Structure formats: structure tokens, C-alpha cells
Amino acid sequence: MKKKLIITGASGFLGYHLLRTAAVDWEIFGITNSKDFDFPNSMPIRCDIRNYIELGNFVDDIEPDAIIHAAAISDANFCENNKELSYDINVEATKNLAGICCDYHIPFAFTSTDLVFDGQQGGYKEDASKNSLSVYGEQKSVAEEEVLRIYPEASVFRLPLMFGEPTASPGNYLQKFVSQIRNDEKASLFFDEYRSIGGARSIAEGILKLLGQRGIIHLAGKNKLSRYEFGLKAAKAFELDESLLHSCSQKDVKMAAPRPADVSLDISKAVSLGFAPLSVDDELKLIADKTYF
Ligand SMILES: NC(=O)c1ccc[n+]([C@@H]2O[C@H](COP(=O)([O-])OP(=O)(O)OC[C@H]3O[C@@H](n4cnc5c(N)ncnc54)[C@H](OP(=O)(O)O)[C@@H]3O)[C@@H](O)[C@H]2O)c1
């Protein structure tokens, strides 16, 4: 019999890749808020994770062997303008889930972000000083600390900007970018924002492999890339017209949430534990060739 895994945020972008990756070895219960999904070996459950009682009842009924928490308000601009609502989901609900996993003494994986850093330095290791520029990054930073205070055996995975299956979620930036260029529209991408951009399948595999490791672990792509450099790689993989790619500065676009310059992550700790992400080029090619899953 397969072990049982609860994945929150199962209808989200990372949730999609976690479901596709985990369904081989686990029986999955995917918590969603407003959407459903239909995958083999996976049962969708609607629950607003702010409802502690309902969430606790689901966990009592399922008796999971582990929980991966990928539900969040992940839109940094939305968090900037909706601080209380996003705090309830990004921090309070996360604390509750950590407490539930501590009570059951089962592995708990919290998905955090590279945006806990201010981007002045880049190449951040797990113990580097945090200093988020945005409300979203600050909420994730508080949630990280609360998770490890409540349940020191939990895993906190700091993740980068991710790309993956274009159909995984409607707002997916790879999908937007590809369809823009295919429609002969110019696409503007920042040359001055560096991230360790990572493929969501590699990241999902990393989370599943390292589930149960204690403390903070960086899971990201092997190299740092600007969004513009990533766009060039994507254009190559999808055989798009590169001349429609336009490099622009963060300063050219007004956004509610301030953005850091370089939040690239050092992944040597994860690699020493067995994390083996594909290169961005290889992962993009699998997606473009429709052989990702
Ligand atoms: N995507 C990235 O590049 C990236 C980068 C770094 C870190 N992360 C982190 O990775 C995790 C997953 O991100 P993502 O990009 O997959 O996010 P996403 O696509 O925006 O999905 C968010 C998920 O959270 C669920 N959710 C939101 N509010 C909820 C509530 N009140 N109750 C229950 N579920 C709720 C949504 O459910 P419904 O859709 O059903 O409403 C959805 O499944 C997050 O922790 C995020 O901070 C993501």
C-alpha cells in the first residue's frame, strides 16, 4: 500500500508539478481552495486553509504520512496591497499546519522563497542574513521562523523563480511569453533581475527527495540568470523569433512590490544531499518537446 501525502496548493503551479511527480510513489490528497484537478492517484479536497478546524478534521480523517505545504498567496504585488489577507494565509495558516504536523510527528515541508533576501549580494547560502524588500518576502520570512520554532524537525525549502509545464496554471509566465512571441508581439524582460531560475519538475523532485530533512534548504537551478537571459534560452528551446525579445530594466516597469537585483541561491547543501536538477536548457527542451511528464 502506498503512503499518504497531503499537498496544499495542489491546484497551483508548483502543486501541478508535485502531483505529477509524487503520484508514482504516493497516494495523494490535494488541498485546493477554488479550483479542482483531475490526476491519477490523487484526490482533490476543497478547504480554505485558514479554517483550522476543517483542516484539522481532514488531516485526522486522512492520517497522512507527510504534508507538503505549497498553498500561498504567491503574487507579491497582491500581498503588497492586501497585507492582512495574505498574512492569514502565508503566515497564520502555515503556523497551524506546522503545529498539526508536529502533533502527528510527520514530515512537514514548507515552500518559501528567494525573496526573503534583499538581492544586494547574490549567491545566498542558507544561513545568510535575510532582509526582504516586499511584504510577500517578509511574510515568508516570518513563516519560515515560525515553522522552525513550532516544529524544529520541519523542512523549509527556499525556492527560486520557477518555470514548468505551460498548462500548469493560467498566469504562468513561460506560457505568456511563448504565446506573446508566437502572436508576433514584443516581449520585454528584465536584464537586471537575477534569480537561480529553476525547472518546477526538478524542484518538485528535490522536495520529494529531501522531505524529512530538518531546517532550511535551498532548491534552485544550477546557475543564476537574468529574466532576459532566460527568455533567450526559452526562445531557443521553443524555436521563437528572438528579435521580438526586448531587454528592459526593472526601473522601466512600475510595480507595487519592490524587486531585488540578485537573489540567486547557493544550492550546494541540497546537492550534497542528493538534489540533482536538470540544466535550464535540458528542462526547457523537454517542455518544448512535450516530453516533460
Ligand atoms: N512559482 C514560483 O516561481 C515560486 C517561487 C518561489 C516560491 N514559491 C512558493 O511555492 C509555493 C507554490 O507557489 P505557486 O507558484 O504554485 O503558487 P500558485 O500557483 O499561486 O498557487 C497557489 C495555491 O495556493 C492555494 N491557495 C491560496 N489561498 C488558499 C486558501 N486560503 N486555502 C487553500 N488554498 C489556498 C491556491 O488554491 P486555488 O487555486 O484552488 O484557489 C493554489 O493552489 C508557494 O509557497 C510560493 O510562495 C513559488
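Each ligand, and each atom within it, is numbered from 1 in the order the structure gives. Computed over heavy atoms, backbone and side chain alike; hydrogens, waters and symmetry mates excluded. The chain is numbered in sequence order, starting from 1. Treat the numbers as computed from the prediction; the structure is a model and nothing was measured.
For the residue pair Asp60/Tyr104, the side-chain donor-acceptor check at 3.5 Å is satisfied. In this model, no donor atom of one side chain and acceptor atom of the other lie less than 3.5 Å apart for Arg201 and His17. For the residue pair Ser264 / Asp262, a side-chain donor-acceptor distance below 3.5 Å is found, with atom types taken as modelled. For the residue pair Ser243 and Asp241, a side-chain donor N or O sits within less than 3.5 Å of a side-chain acceptor on the partner. In the model, Gln139 has a side-chain atom that pairs as donor or acceptor with a side-chain atom of Ser86 under 3.5 Å. With no hydrogens or angles considered, no side-chain donor-acceptor pair links Thr111 and His69 at under 3.5 Å. Looking only at atom types and distance, the side chain of Tyr292 has a donor-acceptor partner in the side chain of Glu283 under 3.5 Å away. No hydrogens or angles considered: nothing links the side chains of Glu205 and Thr21 as a donor-acceptor pair under 3.5 Å.
Protein heavy atom in closest approach to atom 19 (O) of ligand 1: Phe13 N, 2.9 Å. Summary of contacts: the protein heavy atom closest to atom 32 (N) of ligand 1 is Ile49 N, 2.9 Å. Looking only at heavy atoms of the protein, atom 20 (O) of ligand 1 is closest to Ser74 OG, 2.8 Å. Counting only heavy atoms of the protein, atom 31 (N) of ligand 1 lies nearest to Asp48 OD1, 2.9 Å. At the top of the distance list for atom 41 (O) of ligand 1, counting protein heavy atoms only, stands Ser34 OG, 2.6 Å. Nearest non-hydrogen protein atom to atom 23 (C) of ligand 1 is Gly9 CA, 3.7 Å. With hydrogens left out, the protein atom closest to atom 11 (C) of ligand 1 is Thr111 OG1, 3.3 Å, a heavy atom. In terms of protein heavy-atom proximity, atom 39 (O) of ligand 1 is closest to Lys35 NZ, 2.6 Å.
Stacking of Arg227 on the aromatic ring of Tyr173 is recorded, both the 6.0 Å distance cut-off and the 45° axial limit being met.
Proximity of Ser112 to ligand 1 is established by a heavy-atom distance of less than 4.0 Å. At least one heavy atom of Tyr136 sits less than 4.0 Å from an atom of ligand 1. Within the structure, ligand 1 has Cys47 among the residues with a heavy atom less than 4.0 angstrom away.
A parallel orientation is assigned to the rings of Tyr124 and Phe117, their planes being inclined by less than 30° (bins at 30° and 60°). The aromatic rings of Phe39 and Tyr16 lie perpendicular to each other, with more than 60° between the two planes, well past the 30° mark.
At least one N or O atom of Met162, backbone or side chain, sits closer than 3.5 Å to an N or O atom of ligand 1. Between Ala72 and ligand 1, at least one pair of N/O atoms sits closer than 3.5 Å. An N or O contact shorter than 3.5 Å is missing between Asp114 and ligand 1 by distance. Backbone and side-chain nitrogen or oxygen atoms of Thr113 are examined, and none is located within less than 3.5 angstrom of a nitrogen or oxygen of ligand 1. Between Ser169 and ligand 1, a contact under 3.5 Å exists for no N or O pair. For Ala71, no nitrogen or oxygen atom sits less than 3.5 Å from a nitrogen or oxygen atom of ligand 1, counting backbone and side chain alike. Distances between N or O atoms of Ser11 and those of ligand 1 include at least one value under 3.5 Å. Geometrically, ligand 1 and Leu159 share no nitrogen or oxygen pair separated by less than 3.5 Å. The shortest N/O to N/O separation between Lys140 and ligand 1 falls below 3.5 Å.
No more than 12 heavy atoms of other residues, nucleotides or ligands lie within 6.0 Å of NZ in Lys285, so this atom counts as exposed by the packing criterion. The environment of NZ in Lys209 is sparse: at most 12 heavy-atom neighbours from other residues, nucleotides or ligands sit within 6.0 Å.
The backbone of Pro160, and not its side chain, has at least one atom closer than 4.0 Å to an atom of ligand 1 (non-hydrogen atoms only; backbone = N, CA, C, O).
The distance from atom CG of Leu115 to atom NZ of Lys130, rounded to the nearest 0.5 Å, is 12.5 Å.
Set against the non-hydrogen atoms of Ala70, the atoms of ligand 1 under 4.0 Å away are 11 (C), 12 (C), 44 (C). Close approach to Leu161 involves these atoms of ligand 1, each under 4.0 Å from a residue heavy atom: 3 (O). Close approach of ligand 1 to Gly12 is summarised as follows: ligand atoms under 4.0 Å from at least one heavy atom of the residue are 16 (O), 19 (O), 21 (O), 42 (C), 43 (O).
Between Asp281 and Lys233 there is a salt bridge, since at least one side-chain N of the basic residue sits less than 4.0 Å from a carboxylate O of the acidic one.
Heavy-atom proximity to atom 14 (P) of ligand 1, evaluated over Ile31, Leu14, Ile89, is greatest for Leu14.
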